[in-house]
Amino acid sequence: MAEQKENPYLAHLPPSQRGTGMQKAAESAPLFGFLPRKVTANQVRKTLEHDMNPFTKVPHTPQYKKILETRKKLPVYAQMDGFYKMLNAHQIIVMVGETGSGKTTQIPQFVAFSDLPHTKGKIVACTQPRRVAAMSVAKRVADELDVQLGRQVGYSIRFEDMTEPGTTFLKYMTDGMLLREAMNDPNLSRYSTIILDEAHERTLATDILMGLLKALAKTRPDLKIIIMSATLDALKFQKYFGIKNSSPAPLFKIFGRNHPVEVFYTQEPEPDYVEAAIRAVLMIHRAEDPGDILLFLTGEEEIEDACRNIKGEADELVNQDPESVGPLICIPLYSSLPPQQQQRIFDPPPQAQTPGGPRGRKVVVSTNVAETSLTIDGIVYVVDPGFSKQKVYNPRIRVESLLVSPISRASAQQRAGRAGRTRPGKCFRLYTEKDFETELEEQTHPEILRSNFGKYCVRDLVRFDYVDAPAPETLMRALELLSYLAALDDDGNLTPLGSIMAEFPLDPQYSKMLICSPEFQCSNEILTITAMLSVPSVWLRPNNQRKEADAAKALLTVPDGDHLTLLNVYNSYMQNKGDRNWAWKNYLSARALTQAENVRQQLERIMERFEVALLSTVDERKRYINIRKVLCCGFFMQVAHKEGEKGNYLTVKDNQVVGLHPSCGLDTQPEWVLFNEFVLTTRPYIRTVTDVRPEWLLEYAPVYFDPASFRDGETKRALLRITAKKAGKFGRVDSGAKKKQKKRAANAHWGIYTVDFPPQ
DNA sequence: GAGCACTGC
């Protein structure tokens, strides 16, 4: 039979051995009779119970059997029959399952038994929004399949590819990693099935992948796609992946294993949520049964303050009534906390002070990290004030900022669920039930609607089929940026320059700089600066040692600009590699510096691949000037002009009044500055600032700085002064010449910049 | 004279 020939287990045998004793052995082998994509749950269950590992063909370890018993108790295991029926019948499936259902670990394995990717050199991929999840789940699944991590089962995250080409057939990876791969291979031909896990989190990468996969499904009928999500926003995905709106994609539901959580609301809205939260925690501590508390607040400062207050008040309660109130510890949790201190959340609650006295209690006060990234066992009470800091993007002034905003109902549900991990729990919401129903949004806005997403050079941003399309103005801003950078041509197509820019895991301004930098003999330096700007801030400033930290920083500061200071810091770090305490002594984050070194290496490899030469200017004065010129090539849209004598600046074209951030190391207030970041705190500030000359702006971004495109004001007058001076020196530039220059710009080596005037 | 929700390539 033709089907018999497809039998993947027999296919492994050399033809000479088929129909021999070897075939007899094969017939008792674990995958015997498996037909790709026609596998049944019965067959799989039998294989799982088999003594031999179907993938390594060695006997299973006792450990395997033990793990298998726990796997069988997972809710998803009981639904295996239904799963295979649906998978065999459809190309795209949407799945929902609560935490604890086992979907992340089991479904990809189930799929592997159906696809048999190891017989075809294909891979089943499962994406995760976070690196730690990709790593830890891969480890768990390797154990479950009784194989070594990095062989049949592996993971792939930035800087770490834990897979073995030709052997790995089940791969966990970050969504960003798969998106990168999709840019090189739009058909994703290595994969037989792609599973997008945690799709409800709607990360930028997952959202773009959904769009790419939807299109890919049509040209690759052999590719299966599974969208897995935790909350009940599945209908949106079903409709999106449905065939011509008429029939939505099928939904597979897995029932969870969480314990029930009782939810309480306040009768009246709370005017001060921090104060109300502290009261709620103390109320629970006094009146409720043993069990730890998780309180959600919005940021570092708020959390540290609340911890101090809770601790103080609880100690007072214990002093007043040691007979009935137990000791309490309060543990802060946010991501910028060093990992060692984050581990404290796993400390046990404090002991009773006297034998038989009231039990102690642990309170964890956390940002949103505890909502998705970190799970704390033993939490029985959740206090949810209903707020978190969220990124909002204002395309009009091109500014991303963080704002304390009400959470969504989905988020509130997720938070409440944290109380039911180990036993039935309680969730105290510090808002009214009516507000929950009417004021909170159903879902948190997907990241794609909240960010400036020029960062992904997706081909055809406009006609792309989004799950939720960004605001037209956001799209326009992204296109505008890419076309000013010469990454897009007038028709909106990616230019050759744009294609190379898309290879760098960077915002387009940075990749533009890197590609321009050899022309200025300073690509080594720009590479370092880019790496330093791509990692968290290297500056440490402990509360009790601010003066010392500032003094240390002053010694490393280059007065011409903060970008040059970053270069200096990195070079000093590399020169002092022998001294393990160097970073600490200079109030610098060793973690961030190591990360910068890592990023730099990765970018260097990409530059080598595209033959972007690594060059340095020897003379320090010239080198610094060249670097500042290259900064203009990438960041000419982030420039501000000084207005008046009060130290105010006006951002170019957007006309925002901003001040130099106090952390800025410039020793003067230059007329023109280029900035890396706009932050909105007590007032609008620009941060990481470098002194630039207007001639450079006119030279390297002539279209953007054409004075005719400016509204009347000091900035325009200043630009006109410079052009007049130039014209006087080199003769007038008529409009025909201008057109010619524009064309020359497009045809220049990279189409990057053009020399507007004869070189000096 | 300020601060940093959280991820990811």
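Given the structure is predicted, the values throughout are model-derived calculations rather than measurements. Naming convention: chains lettered A, B, ... in sequence-line order (proteins, then strands); numbering from 1 in each chain.
Within the nucleic acid shown, A:Arg131 comes within 4.0 Å of sugar-phosphate atoms alone, with no base atom in reach, counting heavy atoms only. Within 4.0 Å of A:Ile157, counting heavy atoms only, lie sugar-phosphate atoms of the nucleic acid but no base atom. Within the nucleic acid shown, A:Ser335 comes within 4.0 Å of sugar-phosphate atoms alone, with no base atom in reach, counting heavy atoms only.
Spacing between atom CD of A:Glu302 and atom P of B:dC4 amounts to 14 Å, rounded to whole angstrom units. Taking atom CZ of A:Arg546 as the reference point, atom P of B:dA2 lies 11 Å away to the nearest angstrom. One atom, CZ of A:Arg130, and another, P of B:dC6, lie 12 Å apart when rounded to the nearest Å. Nucleotide B:dA5 holds its P atom 13 Å from the CD atom of A:Gln390, rounded to whole Å. Whole-Å rounding puts the A:Arg415 CZ to B:dA5 P distance at 14 Å. B:dC4 atom P lies 8 Å from atom CD of A:Glu677, rounded to whole Å. Rounded to whole Å, the distance from NZ on A:Lys391 to C1' on B:dC4 is 14 Å. The separation between A:Gln669 atom CD and B:dG1 atom C1' is 13 Å, rounded to whole Å.
Classified by interplanar angle (parallel below 30°, tilted 30° to 60°, perpendicular above 60°), the ring pair A:Phe436/A:Tyr431 is parallel.
Between the side chains of A:Ser411 and A:Gln413, no donor-acceptor pair of N or O atoms lies under 3.5 Å.
Looking at the side chain of A:Lys389, the nearest of the listed nucleotides B:dC9, B:dA2, B:dC4 is B:dC4. The side chain of A:Asp550 has B:dA2 as its nearest neighbour among B:dA5, B:dC9, B:dA2. In the set B:dG1, B:dC4, B:dC9, the nucleotide with an atom closest to the side chain of A:Tyr685 is B:dG1. When each of B:dC9, B:dC6, B:dA2 is scored by its nearest atom to the side-chain atoms of A:His661, the top-ranked nucleotide is B:dA2. Among the nucleotides B:dG1, B:dC9, B:dC6, the one closest to any side-chain atom of A:Arg180 is B:dC9.
In this structure, A:Leu188 and A:Leu213 approach most closely via the heavy-atom pair CD1-CD2, 4.0 Å. For the residue pair A:Cys330 and A:Val365, the shortest heavy atom distance occurs at SG-CG2, 3.8 Å.
With respect to the salt-bridge test (charged N to carboxylate O, under 4.0 angstrom), the residues A:Arg429 and A:Asp435 do not qualify. The pair A:Lys642-A:Glu671 does not meet the salt-bridge criterion, since no charged nitrogen lies less than 4.0 angstrom from a carboxylate oxygen.
Contact annotation: A:Arg687 reaches the phosphate of B:dC4 (side-chain N/O to OP1 or OP2, under 4.0 Å). Between A:Thr367 and B:dC6 there is a side-chain N or O to OP1 or OP2 distance below 4.0 Å. Between A:Tyr334 and B:dC4 there is no side-chain N or O to OP1 or OP2 distance below 4.0 Å. Residue A:Ser388 has no polar side-chain atom (N or O) positioned under 4.0 Å from OP1 or OP2 of B:dC6.
Projected onto DNA chain B by closest heavy-atom contact, A:Ser156 and A:Leu333 fall at different nucleotides, the more 5' of which corresponds to A:Leu333.
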